[in-house]
Protein chains: 2
Amino acid sequence: MPKGPTKRRPQTTARLLAAAQETFAERGFYGSSIEVICERAGLTRGAFYSNFRTKEELFFALFDLHAQRVVDRLSAAVDELDAAEDPVRAVLRRMSALDEAERRWYLLSTEFTLHAIRHPATARSLAEHDRRLREEIVRLLGRLFDRLGRRPTVDLDSLARLTTAVHEGSLAQSLVEPDRLAPEELAVTYLPLLVEAVSEPAATGRRTGS
Amino acid sequence: MPKGPTKRRPQTTARLLAAAQETFAERGFYGSSIEVICERAGLTRGAFYSNFRTKEELFFALFDLHAQRVVDRLSAAVDELDAAEDPVRAVLRRMSALDEAERRWYLLSTEFTLHAIRHPATARSLAEHDRRLREEIVRLLGRLFDRLGRRPTVDLDSLARLTTAVHEGSLAQSLVEPDRLAPEELAVTYLPLLVEAVSEPAATGRRTGS
DNA sequence: CGCATCGGATACGGGCCTGTATCCCATGCA
DNA sequence: TGCATGGGATACAGGCCCGTATCCGATGCG
(Lines give C-alpha, C1' and ligand atoms only; values in the text may rest on other atoms or scores of the structure.)
Protein backbone atom coordinates (compact mmCIF):
# COMPACT_ATOMS: atom_id res chain seq x y z
CA MET A 1 0.00 0.00 0.00
CA PRO A 2 2.46 2.65 -1.08
CA LYS A 3 0.94 6.05 -1.04
CA GLY A 4 3.64 8.14 -2.63
CA PRO A 5 4.86 7.98 -6.20
CA THR A 6 6.54 4.73 -7.04
CA LYS A 7 6.46 5.18 -10.78
CA ARG A 8 9.73 6.96 -11.38
CA ARG A 9 11.57 4.18 -9.57
CA PRO A 10 12.14 1.63 -12.37
CA GLN A 11 13.17 4.44 -14.68
CA THR A 12 15.83 5.58 -12.25
CA THR A 13 17.04 2.05 -11.66
CA ALA A 14 17.35 1.49 -15.38
CA ARG A 15 19.32 4.67 -15.83
CA LEU A 16 21.70 3.65 -13.09
CA LEU A 17 22.18 0.21 -14.62
CA ALA A 18 22.93 1.64 -18.02
CA ALA A 19 25.35 4.18 -16.62
CA ALA A 20 27.05 1.50 -14.53
CA GLN A 21 27.44 -0.73 -17.56
CA GLU A 22 29.24 1.97 -19.50
CA THR A 23 31.32 3.24 -16.64
CA PHE A 24 32.40 -0.22 -15.53
CA ALA A 25 33.45 -1.04 -19.07
CA GLU A 26 35.57 2.06 -19.35
CA ARG A 27 37.13 2.19 -15.93
CA GLY A 28 36.59 -1.18 -14.36
CA PHE A 29 34.79 -2.09 -11.20
CA TYR A 30 37.27 -0.64 -8.77
CA GLY A 31 37.96 2.32 -10.97
CA SER A 32 34.32 3.32 -11.10
CA SER A 33 33.31 5.37 -8.14
CA ILE A 34 29.65 5.43 -7.32
CA GLU A 35 29.90 9.14 -7.76
CA VAL A 36 30.92 8.91 -11.40
CA ILE A 37 28.26 6.35 -12.21
CA CYS A 38 25.58 8.63 -10.83
CA GLU A 39 26.98 11.56 -12.70
CA ARG A 40 26.75 9.70 -15.96
CA ALA A 41 23.21 8.71 -15.18
CA GLY A 42 22.38 12.34 -14.57
CA LEU A 43 21.52 11.56 -10.96
CA THR A 44 23.08 12.11 -7.60
CA ARG A 45 24.52 9.70 -5.09
CA GLY A 46 21.38 10.04 -3.10
CA ALA A 47 19.48 8.28 -5.85
CA PHE A 48 21.98 5.45 -5.83
CA TYR A 49 21.82 4.76 -2.13
CA SER A 50 18.09 4.85 -2.37
CA ASN A 51 18.06 2.09 -5.02
CA PHE A 52 21.05 -0.08 -4.14
CA ARG A 53 22.97 -0.80 -1.04
CA THR A 54 26.38 -1.40 -2.58
CA LYS A 55 28.24 -1.43 -5.86
CA GLU A 56 28.16 -5.22 -5.71
CA GLU A 57 24.40 -5.25 -5.76
CA LEU A 58 24.59 -3.17 -8.90
CA PHE A 59 26.91 -5.69 -10.48
CA PHE A 60 24.69 -8.67 -9.78
CA ALA A 61 21.79 -6.89 -11.39
CA LEU A 62 23.91 -6.49 -14.51
CA PHE A 63 25.01 -10.12 -14.29
CA ASP A 64 21.46 -11.38 -14.43
CA LEU A 65 20.61 -9.23 -17.40
CA HIS A 66 23.65 -10.46 -19.26
CA ALA A 67 23.21 -14.13 -18.43
CA GLN A 68 19.69 -13.96 -19.76
CA ARG A 69 20.89 -12.51 -23.04
CA VAL A 70 23.59 -15.17 -23.41
CA VAL A 71 21.25 -18.03 -22.74
CA ASP A 72 18.66 -16.68 -25.12
CA ARG A 73 21.20 -16.33 -27.84
CA LEU A 74 22.75 -19.74 -27.39
CA SER A 75 19.39 -21.32 -27.13
CA ALA A 76 18.21 -19.70 -30.33
CA ALA A 77 21.39 -20.82 -32.06
CA VAL A 78 20.79 -24.42 -31.13
CA ASP A 79 17.13 -24.19 -32.00
CA GLU A 80 17.81 -22.98 -35.47
CA LEU A 81 20.39 -25.61 -36.24
CA ASP A 82 19.20 -27.22 -39.38
CA ALA A 83 20.90 -30.31 -40.63
CA ALA A 84 23.82 -27.97 -41.08
CA GLU A 85 27.46 -28.88 -41.58
CA ASP A 86 29.13 -28.50 -38.24
CA PRO A 87 26.85 -27.63 -35.33
CA VAL A 88 29.73 -26.81 -32.98
CA ARG A 89 31.20 -24.29 -35.36
CA ALA A 90 27.82 -22.89 -36.16
CA VAL A 91 27.09 -22.17 -32.52
CA LEU A 92 30.51 -20.70 -31.95
CA ARG A 93 30.23 -18.40 -34.92
CA ARG A 94 27.00 -17.22 -33.51
CA MET A 95 28.65 -16.44 -30.22
CA SER A 96 31.66 -14.63 -31.57
CA ALA A 97 29.29 -12.13 -33.12
CA LEU A 98 28.79 -10.65 -29.68
CA ASP A 99 31.94 -8.60 -30.06
CA GLU A 100 31.79 -5.25 -28.32
CA ALA A 101 29.12 -6.02 -25.75
CA GLU A 102 30.84 -9.27 -24.94
CA ARG A 103 34.18 -7.58 -24.63
CA ARG A 104 32.77 -5.15 -22.14
CA TRP A 105 31.18 -7.91 -20.20
CA TYR A 106 34.30 -9.97 -20.12
CA LEU A 107 36.24 -7.12 -18.61
CA LEU A 108 33.68 -6.49 -15.99
CA SER A 109 32.92 -10.04 -14.95
CA THR A 110 36.55 -11.02 -14.74
CA GLU A 111 37.45 -8.14 -12.55
CA PHE A 112 34.50 -8.87 -10.37
CA THR A 113 35.53 -12.49 -10.13
CA LEU A 114 38.88 -11.44 -8.76
CA HIS A 115 37.14 -9.21 -6.31
CA ALA A 116 34.93 -12.11 -5.26
CA ILE A 117 37.87 -14.42 -4.78
CA ARG A 118 39.15 -12.08 -2.13
CA HIS A 119 35.77 -11.72 -0.47
CA PRO A 120 34.28 -15.10 0.42
CA ALA A 121 30.78 -13.81 1.03
CA THR A 122 30.71 -12.24 -2.41
CA ALA A 123 32.22 -15.38 -3.87
CA ARG A 124 29.32 -17.41 -2.60
CA SER A 125 26.84 -15.16 -4.32
CA LEU A 126 28.84 -15.24 -7.49
CA ALA A 127 29.15 -19.01 -7.47
CA GLU A 128 25.40 -19.29 -7.21
CA HIS A 129 24.86 -16.98 -10.15
CA ASP A 130 27.51 -18.88 -12.13
CA ARG A 131 25.89 -22.16 -11.31
CA ARG A 132 22.54 -21.11 -12.65
CA LEU A 133 24.11 -19.98 -15.88
CA ARG A 134 26.09 -23.20 -16.22
CA GLU A 135 22.95 -25.23 -15.75
CA GLU A 136 21.59 -23.71 -18.90
CA ILE A 137 24.79 -24.40 -20.76
CA VAL A 138 24.70 -28.04 -19.73
CA ARG A 139 21.23 -28.27 -21.13
CA LEU A 140 22.40 -26.79 -24.42
CA LEU A 141 25.39 -29.12 -24.60
CA GLY A 142 23.04 -32.02 -24.18
CA ARG A 143 21.00 -30.90 -27.12
CA LEU A 144 24.13 -30.40 -29.16
CA PHE A 145 25.44 -33.92 -28.63
CA ASP A 146 22.02 -35.21 -29.42
CA ARG A 147 22.11 -33.45 -32.74
CA LEU A 148 25.55 -34.82 -33.45
CA GLY A 149 24.25 -38.29 -32.85
CA ARG A 150 26.96 -38.80 -30.25
CA ARG A 151 26.92 -39.66 -26.59
CA PRO A 152 29.27 -37.75 -24.25
CA THR A 153 31.70 -39.88 -22.25
CA VAL A 154 32.35 -37.16 -19.71
CA ASP A 155 30.35 -35.23 -17.20
CA LEU A 156 28.58 -32.39 -18.97
CA ASP A 157 28.98 -30.01 -16.09
CA SER A 158 32.71 -30.46 -16.29
CA LEU A 159 32.60 -29.94 -20.03
CA ALA A 160 30.58 -26.78 -19.54
CA ARG A 161 33.27 -25.56 -17.21
CA LEU A 162 35.91 -26.27 -19.81
CA THR A 163 34.15 -24.40 -22.58
CA THR A 164 33.73 -21.47 -20.26
CA ALA A 165 37.39 -21.60 -19.33
CA VAL A 166 38.49 -21.70 -22.96
CA HIS A 167 36.14 -18.94 -23.90
CA GLU A 168 37.31 -16.63 -21.16
CA GLY A 169 40.96 -17.52 -21.25
CA SER A 170 41.24 -17.00 -24.97
CA LEU A 171 39.17 -13.87 -24.89
CA ALA A 172 41.69 -12.45 -22.47
CA GLN A 173 44.51 -13.13 -24.87
CA SER A 174 42.78 -11.72 -27.89
CA LEU A 175 41.92 -8.57 -26.02
CA VAL A 176 45.54 -8.02 -25.12
CA GLU A 177 46.69 -8.60 -28.69
CA PRO A 178 43.68 -7.80 -30.85
CA ASP A 179 45.48 -8.23 -34.13
CA ARG A 180 47.42 -11.33 -33.26
CA LEU A 181 44.57 -13.52 -32.09
CA ALA A 182 40.96 -13.36 -33.24
CA PRO A 183 38.29 -13.87 -30.60
CA GLU A 184 37.04 -17.44 -30.49
CA GLU A 185 39.81 -18.52 -32.82
CA LEU A 186 41.07 -20.95 -30.23
CA ALA A 187 37.59 -22.24 -29.52
CA VAL A 188 36.79 -22.70 -33.19
CA THR A 189 40.04 -24.54 -33.73
CA TYR A 190 40.03 -26.86 -30.79
CA LEU A 191 36.56 -27.39 -29.43
CA PRO A 192 35.24 -29.39 -32.39
CA LEU A 193 38.18 -31.74 -32.01
CA LEU A 194 37.54 -31.99 -28.33
CA VAL A 195 33.84 -32.63 -28.67
CA GLU A 196 34.74 -35.57 -30.82
CA ALA A 197 37.30 -36.80 -28.34
CA VAL A 198 34.93 -36.81 -25.39
CA SER A 199 32.05 -38.59 -27.03
CA GLU A 200 31.24 -41.78 -28.86
CA PRO A 201 28.68 -42.62 -31.47
CA ALA A 202 25.27 -42.99 -29.91
CA ALA A 203 23.64 -46.37 -29.96
CA THR A 204 22.95 -47.09 -33.60
CA GLY A 205 19.37 -47.33 -34.73
CA ARG A 206 18.30 -44.47 -32.47
CA ARG A 207 18.19 -40.98 -33.84
CA THR A 208 17.46 -37.62 -32.32
CA GLY A 209 13.79 -38.20 -31.70
CA SER A 210 12.32 -38.09 -28.21
CA MET B 1 81.50 6.55 -11.33
CA PRO B 2 79.07 6.80 -8.45
CA LYS B 3 80.64 8.33 -5.43
CA GLY B 4 77.98 7.78 -2.81
CA PRO B 5 76.72 4.53 -1.39
CA THR B 6 75.02 2.34 -3.92
CA LYS B 7 75.01 -0.78 -1.83
CA ARG B 8 71.77 -0.47 0.06
CA ARG B 9 69.89 -0.11 -3.24
CA PRO B 10 69.28 -3.75 -4.21
CA GLN B 11 68.25 -4.52 -0.64
CA THR B 12 65.62 -1.82 -0.74
CA THR B 13 64.38 -2.88 -4.13
CA ALA B 14 64.03 -6.45 -2.95
CA ARG B 15 62.10 -5.40 0.10
CA LEU B 16 59.72 -3.38 -2.04
CA LEU B 17 59.20 -6.30 -4.41
CA ALA B 18 58.45 -8.70 -1.58
CA ALA B 19 56.05 -6.27 0.05
CA ALA B 20 54.36 -5.61 -3.27
CA GLN B 21 53.93 -9.32 -3.89
CA GLU B 22 52.14 -9.82 -0.61
CA THR B 23 50.09 -6.67 -0.76
CA PHE B 24 48.99 -7.25 -4.33
CA ALA B 25 47.93 -10.76 -3.45
CA GLU B 26 45.83 -9.60 -0.56
CA ARG B 27 44.27 -6.47 -1.98
CA GLY B 28 44.79 -6.59 -5.70
CA PHE B 29 46.62 -4.20 -7.95
CA TYR B 30 44.16 -1.34 -7.74
CA GLY B 31 43.48 -1.98 -4.11
CA SER B 32 47.12 -1.67 -3.19
CA SER B 33 48.15 1.89 -2.68
CA ILE B 34 51.81 2.62 -3.04
CA GLU B 35 51.60 3.93 0.46
CA VAL B 36 50.54 0.59 1.92
CA ILE B 37 53.18 -1.33 0.00
CA CYS B 38 55.88 0.91 1.39
CA GLU B 39 54.49 0.59 4.85
CA ARG B 40 54.69 -3.16 4.68
CA ALA B 41 58.23 -2.93 3.43
CA GLY B 42 59.07 -0.76 6.37
CA LEU B 43 59.95 2.10 4.04
CA THR B 44 58.43 5.37 3.00
CA ARG B 45 57.00 6.51 -0.28
CA GLY B 46 60.17 8.41 -0.87
CA ALA B 47 62.01 5.14 -1.20
CA PHE B 48 59.49 3.88 -3.71
CA TYR B 49 59.69 6.86 -6.01
CA SER B 50 63.41 6.65 -5.84
CA ASN B 51 63.38 3.04 -7.11
CA PHE B 52 60.38 2.88 -9.43
CA ARG B 53 58.47 5.35 -11.46
CA THR B 54 55.06 3.73 -11.26
CA LYS B 55 53.18 0.80 -9.80
CA GLU B 56 53.23 -0.78 -13.25
CA GLU B 57 56.99 -0.86 -13.27
CA LEU B 58 56.81 -2.71 -9.99
CA PHE B 59 54.46 -5.25 -11.52
CA PHE B 60 56.67 -5.97 -14.49
CA ALA B 61 59.56 -6.61 -12.19
CA LEU B 62 57.45 -9.22 -10.43
CA PHE B 63 56.34 -10.64 -13.76
CA ASP B 64 59.88 -11.34 -14.84
CA LEU B 65 60.72 -13.05 -11.59
CA HIS B 66 57.67 -15.25 -11.86
CA ALA B 67 58.10 -16.14 -15.51
CA GLN B 68 61.62 -17.28 -14.77
CA ARG B 69 60.39 -19.57 -12.02
CA VAL B 70 57.69 -21.07 -14.22
CA VAL B 71 60.03 -21.75 -17.08
CA ASP B 72 62.61 -23.30 -14.81
CA ARG B 73 60.06 -25.58 -13.28
CA LEU B 74 58.48 -26.67 -16.54
CA SER B 75 61.83 -27.17 -18.07
CA ALA B 76 63.00 -29.33 -15.21
CA ALA B 77 59.81 -31.35 -15.43
CA VAL B 78 60.38 -32.12 -19.09
CA ASP B 79 64.04 -32.84 -18.50
CA GLU B 80 63.34 -35.40 -15.88
CA LEU B 81 60.73 -37.22 -17.90
CA ASP B 82 61.85 -40.78 -17.96
CA ALA B 83 60.13 -43.25 -20.21
CA ALA B 84 57.23 -42.60 -17.89
CA GLU B 85 53.58 -43.39 -18.43
CA ASP B 86 51.96 -40.20 -19.59
CA PRO B 87 54.28 -37.24 -20.09
CA VAL B 88 51.46 -34.73 -20.37
CA ARG B 89 49.97 -35.75 -17.06
CA ALA B 90 53.36 -35.86 -15.45
CA VAL B 91 54.11 -32.30 -16.43
CA LEU B 92 50.71 -31.11 -15.34
CA ARG B 93 50.97 -32.77 -11.98
CA ARG B 94 54.22 -30.99 -11.53
CA MET B 95 52.60 -27.68 -12.29
CA SER B 96 49.58 -28.06 -10.05
CA ALA B 97 51.97 -28.34 -7.13
CA LEU B 98 52.49 -24.60 -7.36
CA ASP B 99 49.37 -24.00 -5.34
CA GLU B 100 49.54 -20.95 -3.12
CA ALA B 101 52.20 -19.02 -4.96
CA GLU B 102 50.46 -19.73 -8.22
CA ARG B 103 47.14 -18.68 -6.82
CA ARG B 104 48.59 -15.38 -5.79
CA TRP B 105 50.16 -14.88 -9.13
CA TYR B 106 47.02 -15.70 -11.00
CA LEU B 107 45.10 -13.08 -9.09
CA LEU B 108 47.68 -10.45 -9.73
CA SER B 109 48.42 -11.12 -13.37
CA THR B 110 44.78 -11.35 -14.31
CA GLU B 111 43.91 -8.09 -12.72
CA PHE B 112 46.87 -6.50 -14.36
CA THR B 113 45.81 -7.88 -17.71
CA LEU B 114 42.48 -6.17 -17.36
CA HIS B 115 44.25 -2.99 -16.48
CA ALA B 116 46.43 -3.36 -19.55
CA ILE B 117 43.47 -3.95 -21.83
CA ARG B 118 42.22 -0.52 -20.91
CA HIS B 119 45.62 1.10 -21.36
CA PRO B 120 47.09 0.36 -24.78
CA ALA B 121 50.59 1.47 -23.91
CA THR B 122 50.67 -0.90 -20.97
CA ALA B 123 49.11 -3.61 -23.11
CA ARG B 124 52.02 -3.40 -25.51
CA SER B 125 54.51 -3.93 -22.73
CA LEU B 126 52.50 -6.81 -21.37
CA ALA B 127 52.17 -8.46 -24.75
CA GLU B 128 55.91 -8.37 -25.13
CA HIS B 129 56.46 -9.99 -21.75
CA ASP B 130 53.79 -12.59 -22.55
CA ARG B 131 55.41 -13.32 -25.86
CA ARG B 132 58.75 -14.06 -24.33
CA LEU B 133 57.18 -16.45 -21.88
CA ARG B 134 55.18 -18.17 -24.59
CA GLU B 135 58.30 -18.67 -26.63
CA GLU B 136 59.67 -20.83 -23.87
CA ILE B 137 56.45 -22.77 -23.67
CA VAL B 138 56.52 -23.47 -27.38
CA ARG B 139 60.00 -24.85 -26.96
CA LEU B 140 58.80 -27.13 -24.19
CA LEU B 141 55.79 -28.30 -26.17
CA GLY B 142 58.15 -29.24 -28.97
CA ARG B 143 60.17 -31.39 -26.66
CA LEU B 144 57.02 -32.97 -25.31
CA PHE B 145 55.71 -34.05 -28.70
CA ASP B 146 59.11 -35.36 -29.49
CA ARG B 147 58.98 -37.56 -26.47
CA LEU B 148 55.54 -38.77 -27.38
CA GLY B 149 56.84 -39.75 -30.77
CA ARG B 150 54.14 -37.63 -32.38
CA ARG B 151 54.21 -34.74 -34.77
CA PRO B 152 51.89 -31.79 -34.07
CA THR B 153 49.46 -30.93 -36.84
CA VAL B 154 48.81 -27.44 -35.53
CA ASP B 155 50.85 -24.35 -34.93
CA LEU B 156 52.62 -24.69 -31.60
CA ASP B 157 52.26 -21.03 -30.73
CA SER B 158 48.53 -21.40 -31.04
CA LEU B 159 48.62 -24.52 -28.91
CA ALA B 160 50.66 -22.69 -26.30
CA ARG B 161 47.99 -20.04 -26.23
CA LEU B 162 45.34 -22.67 -25.70
CA THR B 163 47.09 -24.33 -22.81
CA THR B 164 47.54 -20.95 -21.21
CA ALA B 165 43.87 -20.15 -21.74
CA VAL B 166 42.76 -23.43 -20.20
CA HIS B 167 45.13 -23.06 -17.32
CA GLU B 168 43.98 -19.58 -16.48
CA GLY B 169 40.31 -20.03 -17.22
CA SER B 170 40.04 -23.12 -15.10
CA LEU B 171 42.12 -21.66 -12.32
CA ALA B 172 39.62 -18.85 -12.12
CA GLN B 173 36.78 -21.28 -11.65
CA SER B 174 38.52 -23.37 -9.05
CA LEU B 175 39.39 -20.29 -7.06
CA VAL B 176 35.79 -19.22 -6.96
CA GLU B 177 34.62 -22.68 -5.90
CA PRO B 178 37.61 -24.28 -4.23
CA ASP B 179 35.78 -27.40 -3.13
CA ARG B 180 33.84 -27.98 -6.31
CA LEU B 181 36.69 -27.92 -8.79
CA ALA B 182 40.28 -28.91 -8.16
CA PRO B 183 42.97 -26.80 -9.80
CA GLU B 184 44.21 -28.29 -13.03
CA GLU B 185 41.41 -30.84 -12.96
CA LEU B 186 40.15 -29.59 -16.29
CA ALA B 187 43.62 -29.56 -17.77
CA VAL B 188 44.41 -33.05 -16.56
CA THR B 189 41.14 -34.33 -17.95
CA TYR B 190 41.17 -32.72 -21.34
CA LEU B 191 44.64 -31.77 -22.43
CA PRO B 192 45.93 -35.32 -22.92
CA LEU B 193 42.97 -36.00 -25.19
CA LEU B 194 43.63 -32.83 -27.05
CA VAL B 195 47.32 -33.45 -27.48
CA GLU B 196 46.41 -36.67 -29.16
CA ALA B 197 43.84 -34.96 -31.36
CA VAL B 198 46.22 -32.34 -32.69
CA SER B 199 49.09 -34.62 -33.58
CA GLU B 200 49.86 -37.67 -35.63
CA PRO B 201 52.41 -40.42 -35.25
CA ALA B 202 55.84 -39.20 -36.26
CA ALA B 203 57.43 -40.74 -39.32
CA THR B 204 58.08 -44.33 -38.40
CA GLY B 205 61.62 -45.46 -38.18
CA ARG B 206 62.74 -42.15 -36.71
CA ARG B 207 62.87 -41.79 -32.99
CA THR B 208 63.64 -38.94 -30.66
CA GLY B 209 67.21 -38.45 -31.73
CA SER B 210 68.42 -35.15 -33.13
C1' DC C 1 89.83 13.33 7.00
C1' DG C 2 86.67 15.92 4.48
C1' DC C 3 83.46 16.39 0.98
C1' DA C 4 80.44 15.21 -3.08
C1' DT C 5 76.74 12.47 -3.93
C1' DC C 6 73.31 9.08 -3.42
C1' DG C 7 69.29 7.07 -1.08
C1' DG C 8 65.74 7.48 1.57
C1' DA C 9 62.74 10.37 5.00
C1' DT C 10 59.64 14.31 5.77
C1' DA C 11 56.56 17.77 4.75
C1' DC C 12 53.05 19.89 1.83
C1' DG C 13 49.10 20.76 -1.06
C1' DG C 14 45.51 18.94 -3.22
C1' DG C 15 42.00 15.75 -5.14
C1' DC C 16 38.68 12.34 -4.94
C1' DC C 17 35.31 9.34 -2.75
C1' DT C 18 32.58 7.53 0.77
C1' DG C 19 28.38 7.21 3.77
C1' DT C 20 25.05 9.54 6.42
C1' DA C 21 21.90 12.88 7.87
C1' DT C 22 18.70 16.08 6.38
C1' DC C 23 15.75 18.47 3.37
C1' DC C 24 12.41 19.39 -0.34
C1' DC C 25 9.21 18.37 -3.87
C1' DA C 26 6.05 15.78 -6.47
C1' DT C 27 2.58 12.46 -6.40
C1' DG C 28 -1.71 10.29 -5.90
C1' DC C 29 -5.16 8.71 -2.62
C1' DA C 30 -8.93 10.10 0.76
C1' DT D 1 -7.85 19.85 -2.32
C1' DG D 2 -4.94 18.61 1.21
C1' DC D 3 -1.70 15.77 3.15
C1' DA D 4 1.15 11.56 4.06
C1' DT D 5 4.85 9.38 2.03
C1' DG D 6 8.36 8.13 -0.96
C1' DG D 7 12.29 9.45 -4.05
C1' DG D 8 15.86 11.89 -4.95
C1' DA D 9 18.92 16.23 -4.03
C1' DT D 10 22.09 18.69 -0.90
C1' DA D 11 25.24 19.35 2.65
C1' DC D 12 28.71 17.70 5.80
C1' DA D 13 32.61 15.46 7.83
C1' DG D 14 36.18 12.57 7.27
C1' DG D 15 39.63 9.41 5.18
C1' DC D 16 42.87 7.98 1.94
C1' DC D 17 46.18 8.60 -1.50
C1' DC D 18 49.01 10.84 -4.84
C1' DG D 19 53.28 13.29 -6.59
C1' DT D 20 56.63 16.69 -5.66
C1' DA D 21 59.82 19.48 -3.37
C1' DT D 22 63.00 19.55 0.06
C1' DC D 23 65.95 17.91 3.53
C1' DC D 24 69.37 14.98 6.03
C1' DG D 25 72.49 11.34 6.97
C1' DA D 26 75.48 7.78 5.53
C1' DT D 27 79.12 6.35 2.57
C1' DG D 28 83.31 5.78 0.36
C1' DC D 29 86.61 8.12 -2.75
C1' DG D 30 90.43 11.41 -3.13
Side-chain angles (χ1 to χ4, degrees), chain A residues 1-61 108 111-112 114-115 118-119 121-122, chain B residues 1-61 108 111-112 115-116 118-119 121-122:
Chain A
M1 49 215 43
K3 281 250 178 98
T6 193
K7 239 174 40 191
R8 212 176 1 167
R9 212 101 223 283
Q11 249 273 348
T12 301
T13 300
R15 271 164 73 192
L16 282 171
L17 285 173
Q21 173 117 295
E22 297 170 17
T23 309
F24 282 156
E26 281 172 15
R27 320 167 52 141
F29 185 75
Y30 279 100
S32 301
S33 66
I34 292 173
E35 203 159 28
V36 168
I37 294 171
C38 295
E39 226 163 89
R40 187 188 285 245
L43 296 166
T44 62
R45 279 179 25 257
F48 175 86
Y49 284 108
S50 165
N51 281 269
F52 300 92
R53 275 159 34 106
T54 64
K55 229 175 12 170
E56 293 191 2
E57 224 176 270
L58 197 59
F59 170 83
F60 281 120
L108 177 53
E111 184 180 359
F112 190 82
L114 297 178
H115 167 71
R118 284 192 212 91
H119 298 84
T122 305
Chain B
M1 50 214 37
K3 282 246 177 106
T6 192
K7 239 175 37 191
R8 210 175 3 165
R9 213 98 224 284
Q11 250 272 347
T12 301
T13 300
R15 271 164 72 194
L16 283 172
L17 284 173
Q21 173 116 295
E22 298 169 16
T23 310
F24 281 157
E26 281 172 15
R27 320 167 51 140
F29 184 75
Y30 279 101
S32 301
S33 66
I34 292 173
E35 204 158 27
V36 168
I37 293 171
C38 294
E39 226 163 90
R40 186 187 285 243
L43 296 167
T44 62
R45 279 175 29 256
F48 174 85
Y49 285 108
S50 166
N51 282 270
F52 300 92
R53 275 160 32 105
T54 63
K55 230 180 3 175
E56 295 191 1
E57 224 176 89
L58 197 59
F59 170 83
F60 281 119
L108 177 52
E111 184 180 359
F112 190 82
H115 167 72
R118 284 193 212 91
H119 299 85
T122 306

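Lettering follows sequence order; numbering is per chain, from 1.
- One can place CD of B:Q11 at 17 Å from P of D:dA26, the figure rounded to the nearest angstrom.
- The side chain of B:V36 sits closest to D:dC17 out of D:dC17, C:dG8, D:dA9.
- Side-chain atoms of B:T23 never come within 3.5 Å of backbone atoms of B:S32 as a donor-acceptor pair (strictly under, hydrogens ignored).
- Per the geometry, CG belonging to A:L43 stands 18 Å off P belonging to C:dC25, to the nearest Å.
- A distance-only check finds no donor-acceptor pair linking the side chain of B:E111 to the backbone of B:G28 [under 3.5 Å].
- Atom CD in A:E39 sits roughly 11 Å away from atom C1' in C:dC16 (whole-Å rounding).
- When rounded to the nearest whole Å, the span between CZ of A:F52 and C1' of C:dG19 equals 17 Å.
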message: Run the side chain to side chain donor-acceptor pair (under 3.5 Å) test on B:S33 and B:R27 for me, step by step, so that the C-alpha distance in whole Å, both residues' side-chain angles and the decisive distance to 0.1 Å come before the verdict.
response: CA-CA 9 Å; B:S33 66; B:R27 320 167 51 140; 5.6 Å; no
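- Each of A:S50 and A:R45 was matched to the nucleotide of DNA chain D holding its nearest heavy atom; the match closer to the 5' end belongs to A:S50.
- Spacing between atom CZ of B:R40 and atom P of D:dC17 amounts to 14 Å, rounded to whole angstrom units.
- With C:dG8, D:dC18, D:dG8 as the choices, the nucleotide that has an atom nearest any side-chain atom of B:T12 turns out to be C:dG8.
- Contact annotation: B:N51 side-chain N/O to C:dG8 OP1/OP2 distance is under 4.0 Å.
- Residue B:R8 has no polar side-chain atom (N or O) positioned under 4.0 Å from OP1 or OP2 of C:dG7.
- B:T44 comes within contact range of at least one nucleobase, with a heavy-atom separation under 4.0 Å.
- Between the CZ atom of B:R53 and the C1' atom of C:dG7 there is a distance of 18 Å, rounded to whole Å.
- The distance from the CZ atom of B:R15 to the CZ atom of B:R8 is 9.5 Å, given to the nearest 0.5 Å.
- Distance, A:Y30 OH to C:dC17 P: 16 Å, rounded to whole Å.
- Each of B:G42 and A:K55 was assigned the nucleotide of DNA chain C with the nearest heavy atom; the assignment lying further toward the 5' end belongs to B:G42.
- In the set C:dT18, D:dC18, D:dG8, the nucleotide with an atom closest to the side chain of A:E35 is C:dT18.
- Nearest nucleotide to the B:A47 side chain, out of D:dG8, C:dG8, C:dT18: C:dG8.
- Look at CZ on B:F48: it is 8 Å from P on D:dG19, rounded to the nearest Å.
- Ring centroids of A:F60 and A:F112 are separated by less than 6.0 Å, placing the two rings close together.
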